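Structure, as C-alpha cells:
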Amino acid sequence: MTDRSDGGPAIHIAWECLSNFIRDDAFAARLVLRNDGGVPIAPGWTLCFNTCRKILAETVSAGYAIAHVNGDLFALSMPGGDAWLPGQTHTLDYEALHWAISITDAPLGFYLLPGQGGMAVDLGDPIIAPFVRPEQRHRNRGDAVPTADAAWRFAQNTALSTLPEAEVGRITPRPRSARFTGGQYRLGRDASVVHGPGLDNEVRFLRALLADLPPGEGAVTLAIGPVAEAGDEAYSLDIDSQRVVLTGASAHGVFNGLQSLSQLVAPDGTLPLGVVQDAPRYAYRGMMLDVARHFSSVDTVLRLLDCMAAYKLNRFHFHLTDDEGWRLAIAALPELTAVGAQRGVGDCLPPSFGSGAAVDASSGSGFYTADQFITILRHAKARHIDVIPEFNLPGHARAAVEAMRVRHARLMAAGDLAGADEYLLSDPADTSAYESVQLWHDNVMCIALPSVDRFIDTVVTAVAALYREAKVPLTVLHTGGDEVPGGAWVGSPVCQASMRAHGWTDVRELRDDFQARCRAILARHGIAFAGWEETALTPRADGVLAPDRRQAGRDFHVYVWNNGGLPHERDCATELAAAGFDVVLANATSLYFDFAHAKHPLEPGYYWAGFVGTRDAFDLAPSAGVTGLQGQLWGENVCSRARLEYLAMPRLLGLAERAWSPQDTNPDWNEFANRLGRRELPRLDRHGWHYRLPPPGARVENGMLQANTAFPGLGLHHTIDGRDPDATSPRYADPVPVRGARIVKLASIDTHGRVSRIVTLHLESP
C-alpha cells in the first residue's frame, strides 16, 4: 500500500500460512503489519478482520492479543503498547483451528479502529504469501489429495479425446431423443409465427430469439397438444424443409422446446433438419442462491434466472436471510432491513466475510424492495421457474434477532412496553452458552416466546401478499432449520419455563413443538413447509438421527445436503423418501457450488466436504425416490457478480444434465466435456457469462510442451518468451518444441479473449 492522499492511516498487511503440520487440528500463521502512512497511530488502536478459521487466543505472539468478537470477526490489539510510528512493522504469529491451504482460508476485510474514539478506516485485504511448501499445500501430514497443478490436470485430462462433430450432442441437457437427417432449414428475423392460445409468453421469447437473426423469413408453429413423452414439461420439436413445428404438453413444455431451438439455431439462422422428443427425468430441477452472506443485485439475480431457464432448471431457491443479512423489506418491520440488511461499523450488523467497515460500500449491505422482489417473481414466472423463498430459523437467524432487539430498544425508550415485546425474538435473561458452526454466540431465536410466532406470521403474510401482487402462486416456503448449535435454549428462563409447563425434559421436544407451530402458520396461508434435512430427522435411542415418521407427508419438503464424511454417513435421502417425505437431493459433495473446483491455492471456495468440479455434478447417481436435484451456491465467497458466475458455471450445466436427461448408468463424460468445450462455452460467451475457464493441463517431456484441457475444443494458447498469453499468442494444437526456453506460460482463452488463470512452467536451464 501507499500513503493515503489525506494523510490518514495506511497499513501494509501481509499474511502467510506457516505450516499445517504443527498438529492435526490447527495451523500456524503470520501477520506482518507496517504503518505506511505519514502519521503515527495513537496507542489503543484495534485492527479488526474476518477469518473463517477460529484463532486460538493463547497462541498469539507476546505483546499482542486477538479476541473473537462474534461470528468470523476478530480484533487484534496491542495492550499497553506505544504509538504505532510511520514505517514501524509489527510481526506476530498465531495458531488457528483446522488448516489453511488456499486464498479462501486467509483473513480478509481488515479495518482500523484508532484509539481515542476515531473513525473506522477500511484497509482492505492482505497480500497473501504463495502456498508453495508441502506444509502449506496440504491440510495435514495425512492429506493424500494432490494439489491440482498443471501436471495433475494433464494426467486427469488425458482420458479425454476430441470427438467427431457428429458424435457431439447439439442440445444441453441431453434430450430423450434427437434425430437429425443432415439437411438444413433457415430462419430469419422476419419469420412468421403461428400459435395457439395460452402462449403469448412463449411467443415473446421466440420473437426475441428471431430478432437476433439476420434478415429473412421462415415459419414457426407453436402449439399445446399431445406429444410422445409424458408430463407437462414434455415437448416435440420437428424441423423440416418447410417450417418448424414445436408442440408442448403445456406452455411450459413449449418453453422448454424453445430453449432447445435456441441451441440448435446458428447465428446465421440455419437449423438442422430433424425431430426432438423430450421430457425431464425429474420434476424438480433447482438452483439455490444465498444472498444473505453477500448481497446480489436484482440484475444479477435476473441474469441467473435466464441462465437457469436456458438449461431447463425450474426451481429457484432464494436464500434471503441468515446470520449475516436479511434481504427482503417487510413493511411492518422496518428494522429488518434498516439494521439486518446493513453490515459495517455502526448501528447495523458487524462486518462478515470481509465486507469491511463502510456500510454503504459493503458487499454485505443491500436488500430488495417490495417492487424489486415482485420484478424477480415476474421474471421467474415468465421463464416457468418457481421461486421458493427461504427465511432461515430458528438458527442462522442473527440478522432477524438483532434487528428485533433494536426495535425492542427503540420502543422501550419511547415507553411502549407492549409494542416492544410484540416481535422480540430473544430472551434478555438467556444465559445459554453456545457457538454455531460459523462461530456465532447469539444467532438462535427464543422459540418459546409467543412473539416469535407473531413474527413468523407477519413475515409470511407480507411475503404471500407480494406473490399475490406479482400474480405468482406461493406454494412452498423454506424455513431452513439447519445447524442449531447445541446449548441453545438451555439457559433461557422463558424456554425452561415452557418445558416445565409441558412436561418436556429435552430441548428437542421444545424444538419439535416450534416446528409444528411453523407448519401450522404456513398451512393457514395455504403454503407447504420445506426445510433442510435436520427438520425431518430425530434421534433414535442409540443417538443416530433417523426420519421422524410422525411428520412425514408429501407436503413436507426435505432438502438433503449432508452426505459423505459427515456426521451420519448413510443414504439419508433414500431413507427420508421411503418414510414418505418429499425429498430434494442437495448433496454437499456433488452439488455445493460454493466449494472450490479443485485443490489449488488460487481456487476460491470452501472445501469442508471436498472439492466439487463440473464432473462431480455430472457423475452424481441420485438416490432412489427423490423428487429432484438442486445446486447450492452459498454466499460466503460470492462477493461480486463475477465471482457468482465463476462459481456457478459450468457446474450448473452438469447439474442440469443430471436432473433432466434420461437415467444413464454410465454417463459419457467425454461427450459432455466435448459438448461444453465446443458448443456450450462459446454459447455462454455470446451472453457474456464469466464462467470458470479451466486452466490447462501441461507438462514438458523431452523438450516438448504437451498440453490439454478439461473441455476439448476450448482454446489453449501459450508463450515461451515470458509474456502472459492472450488471444494473439500461438494456439496449442500439437506438442511444441520448447528446448532452450526458460519459462513456458499457458492459458485457456474463450471466444471473446477472456483468459483463465495462467499456468507457468519453469524449465531447467539449457
Side-chain angles (χ1 to χ4, degrees), residues 1-18 28-53 55 57 59-96 100 103-130 294 342-365 639-640:
M1 293 183 182
T2 58
D3 289 353
R4 290 162 55 101
S5 59
D6 60 5
I11 310 299
H12 171 89
I13 306 169
W15 179 89
E16 180 180 9
C17 170
L18 298 176
R30 174 170 294 159
L31 270 171
V32 178
L33 313 167
R34 186 178 68 243
N35 181 359
D36 282 351
V39 296
I41 298 172
W45 56 266
T46 300
L47 202 65
C48 297
F49 57 91
N50 299 115
T51 176
C52 61
R53 304 302 189 204
I55 294 173
T59 67
V60 180
S61 294
Y64 303 93
I66 297 181
H68 179 211
V69 180
N70 208 349
D72 69 344
L73 183 62
F74 289 77
L76 164 66
S77 61
M78 192 177 178
D82 298 327
W84 189 353
L85 301 177
Q88 184 179 5
T89 297
H90 292 291
T91 300
L92 61 142
D93 296 346
Y94 66 86
E95 295 176 12
I103 55 173
T104 296
D105 301 323
L108 70 168
F110 284 75
Y111 60 93
L112 179 70
L113 295 176
Q116 304 171 356
M119 297 289 291
V121 179
D122 274 314
L123 302 173
D125 298 336
I127 296 171
I128 302 171
H294 283 100
Q342 314 297 327
R343 289 213 303 262
V345 174
D347 297 327
C348 56
L349 301 182
S352 295
F353 310 117
S355 55
V359 177
D360 293 341
S362 170
S363 57
S365 296
C639 52
S640 65

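By convention here, the first residue in the shown sequence is residue 1. Since the model is a prediction, treat every value here as computed from it, not as a measurement.
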Measure across [X] and [Y] and return the closest heavy-atom pair with its distance rounded to 0.1 Å.
| X | Y | result |
| --- | --- | --- |
| Gly63 | Met78 | O-CG, 3.4 Å |
| Asn35 | Pro40 | ND2-CA, 4.2 Å |
| Ala358 | Asp122 | N-OD2, 3.0 Å |
| Cys48 | Ala75 | SG-CB, 4.1 Å |
| Ser365 | Val359 | OG-O, 2.9 Å |
| Pro43 | Gly81 | CB-O, 3.5 Å |

Yes or no on side-chain contact (heavy atoms from CB on, under 4.5 Å) for Thr51 and Trp15, after CA distance, side-chain angles and deciding distance?
CA-CA 12 Å; Thr51 176; Trp15 179 89; over 6 Å; no

From Leu31 CG over to Tyr64 OH, what is the distance, rounded to the nearest 0.5 angstrom?
10.5 Å

Separation of Ile128 CD1 from Asp105 CG (nearest 0.5 Å):
9.5 Å

Min side-chain heavy-atom separation [X]-[Y] under 4.5 Å:
| X | Y | value |
| --- | --- | --- |
| Cys639 | Phe353 | no |
| Ile127 | His12 | yes |
| Leu113 | Tyr111 | yes |

Test item: [X] side-chain N/O and [Y] main-chain N/O as donor-acceptor pair under 3.5 Å:
| X | Y | answer |
| --- | --- | --- |
| Arg343 | Ser352 | yes |
| Ser362 | Gly356 | no |
| Asn50 | Pro351 | yes |
| Ser355 | Gly364 | no |

Anything under 30° is parallel, anything over 60° is perpendicular, the rest tilted; go ahead and classify Phe49 against Phe74.
parallel

Does the pair Asp72 and Cys52 meet the rule for a side-chain contact (heavy atoms from CB on, under 4.5 Å), with working shown?
CA-CA 6 Å; Asp72 69 344; Cys52 61; 5.6 Å; no

Check Leu123, Thr89, Leu47 against Leu33 for a side chain to side chain contact (heavy atoms under 4.5 Å, CB included) and give me the one that passes.
Leu47

After noting the C-alpha distance and the side-chain angles of His68 and Ile55, does the key distance pass the side-chain contact (heavy atoms from CB on, under 4.5 Å) rule?
CA-CA 8 Å; His68 179 211; Ile55 294 173; over 6 Å; no

Does the side-chain contact (heavy atoms from CB on, under 4.5 Å) test come out yes or no for Ile66 and Tyr94, once each step is laid out?
CA-CA 9 Å; Ile66 297 181; Tyr94 66 86; 4.2 Å; yes

